[in-house]
S.K.: 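Encoded as structure tokens, here's the structure I'll be asking about.
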Amino acid sequence: MGLLNILKKLRSNPEKELRLLLLGLDNAGKTTLLKQLASEDVAHVTPTAGFNIKSVLSNGFKLNVWDIGGQRKIRPYWRNYFENTDILVSR
Ligand SMILES: Nc1nc2c(ncn2[C@@H]2O[C@H](COP(=O)(O)OP(=O)(O)OP(=O)(O)O)[C@@H](O)[C@H]2O)c(=O)[nH]1
Ligand SMILES: [Mg+2]
């Protein structure tokens with residue numbers, strides 16, 4: 001979704017809730033970023049075998065952040081997570 005569409009969605013969405021999808025190859029730092037967004041300790045991050053979800057409140061917005069494992073064997077499943085995604089972040 002482009003920036004203009006995100007702004008339109010936020011205007012028509014009093015809940016101010018967005019779905020953010022984090023995608024990237026294994027070891028790119030996706031889970032570390034997710035934990036940093038949630039102000040969690042990042043000292044012991046292990047490879048993601050499936051996915052992690054965290055809801056983060058930021059500036060009055062609720063960001064539902066999806067972090068998908070990047071290992072080769074998991075990549076065929078990435079396509080299943082695109083639906084309803086508002087913001088795609090690739091690392
Ligand atoms: N130097 C450095 N290391 C990082 C950074 N982000 C993550 N790491 C390290 O890189 C390694 C992999 O980080 P993860 O967050 O597990 O990477 P991931 O993208 O979630 O990997 P998968 O779950 O396998 O897809 C960890 O040892 C992190 O501590 C960064 O910005 N700089
Ligand atoms: Mg991970």
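Both ligands and their constituent atoms are indexed starting at 1 by order of listing. This structure is a prediction, so every number in the text was calculated from the model and none was measured.
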S.K.: Give yes if a backbone or side-chain nitrogen or oxygen of Asp67 is under 3.5 Å from a nitrogen or oxygen of ligand 1, and no if not.
M.R.: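 Such a contact does not occur with ligand 1.
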S.K.: Between Leu88 and Phe82, is any pair of side-chain heavy atoms under 4.5 Å apart?
M.R.: yes
S.K.: Can you report which non-hydrogen protein atom sits closest to atom 16 (O) of ligand 1, along with the distance?
M.R.: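 Answer for atom 16 (O) of ligand 1: Val45 CG1, 3.2 Å.
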S.K.: When you measure from the side chain of Lys30 to the backbone N and O of Gly24, does any donor-acceptor pair fall under 3.5 Å?
M.R.: yes
S.K.: Checking contacts now, so for atom 14 (P) of ligand 1, which I'm interested in, is there any protein heavy atom under 4.0 Å?
M.R.: yes
S.K.: Is atom 21 (O) of ligand 1 near the protein, in the sense that some protein heavy atom lies at less than 4.0 Å from it?
M.R.: yes
S.K.: So, taking the atom named CD in Glu40 and the one named OG1 in Thr32, what distance separates them when rounded to the nearest 0.5 Å?
M.R.: 11.5 Å
S.K.: How long is the straight-line distance from CG of Leu18 back to CG of Asn84, given to the nearest 0.5 Å?
M.R.: 12.0 Å
S.K.: Does atom 4 (C) of ligand 1 have a protein non-hydrogen atom under 4.0 Å from it?
M.R.: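 Neighbour list for atom 4 (C) of ligand 1 is empty of protein heavy atoms (cut-off 4.0 Å).
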S.K.: Does an N or O from Gly24, backbone or side chain, lie closer than 3.5 Å to an N or O of ligand 1?
M.R.: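 Among all N and O atoms of Gly24, none is under 3.5 Å from an N or O of ligand 1.
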S.K.: With a 4.0 Å cut-off on heavy atoms, does Gly69 reach ligand 1?
M.R.: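 Within the 4.0 Å threshold, so yes.
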S.K.: List ligand 1 atoms under 4.0 Å from Pro47, heavy atoms only on the residue side.
M.R.: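 Answer, ordered by atom number: 23 (O), 24 (O).
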S.K.: Is the shortest side-chain heavy-atom distance between Glu17 and Phe61 below 4.5 Å?
M.R.: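 Glu17 vs Phe61: side chains apart.
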S.K.: Nearest 0.5 Å, what's the NZ-CG distance between Lys35 and Asn52?
M.R.: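 Result: 8.5 Å between the selected atoms.
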S.K.: Atom CG of Leu23 and atom CZ of Arg75: how far apart are they, to the nearest 0.5 Å?
M.R.: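 Going from the CG atom of Leu23 to the CZ atom of Arg75 covers 11.0 Å.
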S.K.: Who's the nearest protein heavy-atom neighbour of atom 17 (O) of ligand 1, and how far?
M.R.: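 Answer, as residue, atom name and distance: Gly29 N, 3.1 Å.
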S.K.: Backbone N or O of Leu22 within a donor-acceptor pair of the Asp67 side chain at under 3.5 Å?
M.R.: no
S.K.: List the closest protein heavy-atom neighbour of atom 11 (C) of ligand 1: residue, atom name, distance to the nearest 0.1 Å.
M.R.: Asn27 OD1, 3.6 Å
S.K.: Which one holds for Thr32 and ligand 1: side chain close, backbone close, both close, or neither close, with close meaning a heavy atom under 4.0 Å?
M.R.: both
S.K.: Go through ligand 1 atom by atom and flag the ones less than 4.0 Å from a non-hydrogen atom of Thr48.
M.R.: 22 (P), 23 (O), 24 (O)
S.K.: Any side-chain heavy atom of Leu20 within less than 4.5 Å of one from Asp86?
M.R.: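 They are not in side-chain contact.
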S.K.: Please write down residue, atom name and distance for the protein heavy atom closest to atom 19 (O) of ligand 1.
M.R.: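 Looking only at protein heavy atoms, the one closest to atom 19 (O) of ligand 1 is Lys30 NZ, 2.7 Å.
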S.K.: Looking at side-chain heavy atoms only, is the closest gap between Leu33 and Arg91 below 4.5 Å?
M.R.: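 Answer yes - side chains close enough.
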S.K.: Heavy-atom contacts with Gly70 under 4.0 Å: which atoms of ligand 1 show up? List them by number with element.
M.R.: 22 (P), 25 (O)
S.K.: Given the Mg ion (ligand 2) as the apex, I'd like the angle to OG1 of Thr31 and OG1 of Thr48, rounded to 10 degrees.
M.R.: 90°
S.K.: I'd like to know if the side chain of Trp66 and the backbone of Thr85 have a donor-acceptor N/O pair within less than 3.5 Å.
M.R.: no
S.K.: In the protein, which heavy atom is nearest to atom 30 (C) of ligand 1, and how far is it?
M.R.: Arg91 NH2, 4.8 Å
S.K.: Does the protein place a non-hydrogen atom closer than 4.0 angstrom to atom 7 (C) of ligand 1?
M.R.: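 Yes, there is one.
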